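This report refers to the structure that appears directly beneath it.
Numbering of ligands and ligand atoms starts at 1, following listing order. Residues take their numbers from the sequence shown, with the count starting at 1. Being a predicted model, the structure only gives us computed values, none of them experimental.
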Amino acid sequence: MSGEEQVTEVKKGEEFTFQAEMKQLLHLIIHSLYQHKEIFLRELISNASDALNTAHSRLLVDQSLFDADAKLGIEISTDKDAKTLTITDSGIGMSREDLIDNLGTIARSGTQGFLEQLKAAGEEGASDLIGHFGVGFYSAFMVADKVVVRTRSIETDGKALEWSSEGGNAFEISEVEKETRGTEIILHLNEENQDFAEDHRVKSVIKKYSNYVFFPITMGEEQVNEITAIWTKRKSEVTEEEYEEFFKTVSGNFGKPLTTIHTTVEGNLQYHALLYIPESASFEQLFGKEVKGIKLYCRKVFVHDGDTGLLPPYLRFVTGVVDSEDLPLNVSREVVQNNPVSAKIGKALTKKVLGEIESMAKNDMETFKKFWTSFSRVFKEGLRSDFLRKEQLLELMHYETSTQDAESLHTLSAYVERMPEKQTEIYYVAGDSREAALLNPKIEYFKKHNIEVLLFLDPVDEFVIGDGFSEAKYKEKPLKEIDQADLSWIEESDDEDVEQASDDELASLIVAMKDTIGEQVEDVQKSSRLVDSPCALVSSKDGMSSQMEKMMKMMNEQFEGSKRILEINPKNSIIRALAKLAKKDAESDFLKACAEQLFENVMLIEGNLKSTEKMVARNYVFMEKALENVDA
Ligand code: ADP
C-alpha cells in the first residue's frame with residue numbers, strides 16, 4: 001500500500017495524501033497524549049538511533065556505501081527566532097519509496113492492530129497504551145504545526161529529498177541539496193510549545209528518556225547523554241534506577257521491567273547478558289513480522305537487532321542486550337542457529353530465563369500473575385514447539401481450578417498432589433470464562449463430589465497441552481475433558497430417595513427424542529453424571545471436545561465437527577415429566593417441541609447454536625401455553 005499519488009504536480013514538489021487510518025492515528029495521538037507531549041523527542045531520537053544502528057551494521061560489511069566516513073551520532077539544535085527544533089542523524093536515511101511507505105502509510109503490520117487497541121481503550125486508556133508502546137514519528141505533530149524531513153540514503157545512487165507536511169491531509173516530497181548521509185528533522189514548533197526551542201528544556205528531556213542511547217547525542221559542543229554499556233559492569237555497580245532507565249532505552253517500553261536478568265559468563269564461552277521481562281508488550285512486538293527483542297553486541301559495539309534466534313520464539317517478550325566477542329559479526333537467525341557458540345549461549349540464556357520465570361512463580365505470585373496475563377499466550381506456544389523442554393514448560397503452566405479461589409493460579413503438580421488416591425486422571429473443562437466453565441452442566445457431578453477440575457479458559461489451552469496425536473499426559477496421568485472422564489472410581493452416595501423417571505418411561509422418551517433430533521446427535525442416552533440440569537452434550541469416547549471443535553471451526557469454516565451424545569438426567573423434574581408424557585403420547589407435538597428446545601439450549605450454552613429464530617419462536621409458544629394456566 002502506498003500513498004495515493006495525485007496526478008497533477010503541485011508547486012515544486014509532489015503532493016500525496018495520507019492514508020485514511022493515518023489521520024485517525026494522528027488525531028488519537030494528539031488528543032490522548034497532550035500531557036506527555038515531550039515523548040515526541042524520545043520517539044525521534046529512537047528512530048535516529050535505529051537508523052544509525054542499521055547504518056553501522058551495513059558499514060561493517062560494506063565500506064563503499066555513501067558517506068562511509070561520517071561520524072555516527074545525533075545532533076540536536078534549537079532556534080528561538082525561527083521557532084524550530086532540529087534533530088539530525090547520520091543513519092541510513094530514506095529513499096523516495098521509504099518516505100512514502102514509512103511516513104505516509106500505516107501498512108506496517110503492527111500499527112493497524114495498535115490502532116484497534118487504541119480505539120477499544122477509549123480516551124483514558126489510549127494515553128496509557130501510547131505511553132507503553134511508543135507511537136513513532138507522528139508524535140512530532142503534537143508540538144509542531146509543520147514538520148520537514150530532509151534525508152539522503154546510504155545507497156550510493158540515492159538522491160537528497162525533502163518531505164514536508166502540516167499534519168493535515170497531505171505531505172509533499174521534493175528533491176533538495178544535501179551532501180551528507182542521514183536524516184534531518186526540522187520541527188516548526190506551534191505556539192503552545194515554544195519551550196522546545198529552549199536548550200535547557202530539550203536537554204532535560206533527553207536525559208530523562210534517552211540517556212542510554214548508544215550513539216552520542218550532542219547539542220553544540222556538548223554531549224548530552226551518557227552511553228554506558230551497563231551490561232559489562234558488575235551487578236553491584238549498577239543501581240536499580242540505572243537498570244530501569246536502561247530498560248526503557250533498550251525496549252522502548254515506558255513501564256518498569258517485571259524482572260531483570262543480568263549475567264556475565266567467563267571461561268571458554270564469554271558473554272554478558274542483560275535481559276528483561278517487561279510488564280507488557282505491544283501487539284507488534286509480540287505478533288509483528290519481525291521480533292526485535294534482543295540486541296546483539298560484540299565488545300560494546302552494536303551488531304544486530306533483527307530476529308537473532310538466540311532465545312526460542314515463545315520467549316520473544318524478553319528484551320535486552322547480549323554482548324559476546326565469540327559471536328560472528330554478521331548475525332542472522334540462520335547464522336545463530338548454525339553457529340555452535342551462539343547456540344550454546346542461546347541455550348544457557350533460555351535456561352536462565354525459564355529459571356527466572358520458575359522462581360517468579362514460586363516466590364512472587366503477584367508478579368507471576370502479571371507475567372501470565374501479558375505473555376501466557378505466547379509462552380504456551382513452547383508446549384507445541386520446544387519438545388526438549390516440554391516437561392519443564394508443563395511445570396510452569398498455571399490454571400484456575402473449580403475448587404480453588406477465583407483468579408488464583410495452580411500448577412498441574414499442585415493439582416496432582418491434591419488428587420484423591422483413587423483418582424488416576426487429571427480433569428479439565430474448557431470455557432470462555434470462569435463463570436461459563438462453572439455453569440457447564442457437565443461439571444455438576446464433579447462439584448457434587450468435590451472433585452477438582454482445571455479450568456481451561458484460554459482457547460489454546462486444550463490445543464497446546466497435547467501433541468495432536470496421542471493423549472495428553474502429565475507425569476503419566478492422562479488429561480481428560482470432564483465428559484470423557486472415567487468416573488467408576490467414585491463411590492455413589494445413596495440416591496435412592498431421589499425421585500427418578502422409571503426405566504420404562506425413560507426408554508419411551510429416548511425413542512421420542514431420537515425421532516425429533518436424531519439427525520443432529522449421535523445418540524440420546526441416560527446420564528449418570530448430571531446432577532441438576534436436564535441434559536448435556538458429551539463427546540463420544542474418541543470424539544473431539546466442544547472447545548476443540550470450536551478451534552477447528554475457527555481455523556476452517558467448512559469444518560463440520562462430529563455428532564455428539566445427548567445425555568438426559570432421569571432425576572431432573574422436566575425430564576421426569578417428559579418421560580411420563582412420552583409413555584402416554586409419544587406423538588405429542590409439545591413433547592417434540594420440548595426435545596428440540598432442550599437440545600438447542602445446550603447448544604446455546606456451548607456457544608454452538610447457529611441460528612436462534614426457531615428457538616425464539618418456540619419460546620413464545622411455550623409462554624403462551626404457560627399463560628393459559630395463569631389466572632389474570
Ligand atoms: P517505528 O519507528 O515504530 O517503525 P515511526 O513512525 O517512528 O515508526 O517510523 C516509521 C519508519 O520511518 C521507521 O520504521 C523507519 O523506517 C523510518 N524512519 C523514521 N525516522 C527515520 C530516520 N531518522 N532515519 C531513517 N529512517 C527513519
Counting from 1, what ligand 1 atoms have a heavy atom of Ala51 closer than 4.0 Å?
->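 By the 4.0 Å cutoff, the relevant atoms are 24 (N), 25 (C).
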
Please could you name the atoms of ligand 1 that Phe137 approaches to less than 4.0 Å, counting only its heavy atoms?
->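 Heavy-atom distances to Phe137 below 4.0 Å select 5 (P), 6 (O), 7 (O).
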
Counting both backbone and side chain atoms, is some N or O of Asp50 under 3.5 Å from an N or O of ligand 1?
->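 No, Asp50 has no N/O under 3.5 Å of an N/O on ligand 1.
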
For Glu43, is the nearest heavy atom under 4.0 Å from an atom of ligand 1?
->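 Per 4.0 Å heavy-atom rule, Glu43 does not contact ligand 1.
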
Quick one: does ligand 1 sit under 4.0 Å from the side chain of Leu44, the backbone, both or neither, non-hydrogen atoms only?
->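 None of Leu44 does.
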
Counting heavy atoms only, which part of Thr183 comes closer than 4.0 Å to ligand 1: side chain, backbone, both or neither?
->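 Looking at Thr183 and ligand 1, just side chain atoms fall under 4.0 Å.
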
Is Glu14 paired with Arg96 through a side-chain N to carboxylate O contact shorter than 4.0 Å?
->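 A salt bridge is present here (some side-chain N lies under 4.0 Å from a carboxylate O).
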
Does any pair with a residue in residues 345-356 pass side-chain hydrogen bond (donor to acceptor under 3.5 Å, both in side chains), and if so which ones, sequence neighbours excluded?
->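 For residues 345-356, and leaving out neighbouring residues, there are no side-chain hydrogen bond (donor to acceptor under 3.5 Å, both in side chains) pairs at all.
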
Does Phe463 offer a backbone N or O that forms a donor-acceptor pair with the side chain of Arg384 under 3.5 Å?
->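 Checked: pair present.
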
Can you check side-chain hydrogen bond (donor to acceptor under 3.5 Å, both in side chains) on Thr180 and Lys178, steps first, answer last?
-> CA-CA 6 Å; Thr180 51; Lys178 184 180 188 309; 3.2 Å; yes

Under 3.5 Å, sequence neighbours excluded: what are the donor-acceptor pairs made by side chains of residues 376-383?
from   : atom 1 : to     : atom 2 : distance (Å)
Ser376 : OG     : Trp372 : O      : 2.8
Arg377 : NE     : Asp458 : OD1    : 3.1
Arg377 : NE     : Asp458 : OD2    : 3.1
Arg377 : NH2    : Asp458 : OD1    : 2.9
Lys380 : NZ     : Asp458 : OD2    : 2.9
Lys380 : NZ     : Asp461 : OD1    : 2.9
Glu381 : OE1    : Arg316 : NH1    : 3.0
Glu381 : OE2    : Arg316 : NH2    : 3.0

For atom CD of Glu177, is the number of surrounding heavy atoms from other residues, nucleotides or ligands below 6.0 Å larger than 12?
->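 No, because the 6.0 Å sphere around CD of Glu177 holds 12 heavy atoms or fewer from other groups.
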
Which one of Ile154, Asp98, Asp89, Ile92 has a non-hydrogen atom at the shortest distance from atom 23 (N) of ligand 1?
->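 Closest candidate by heavy-atom distance is Asp89.
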
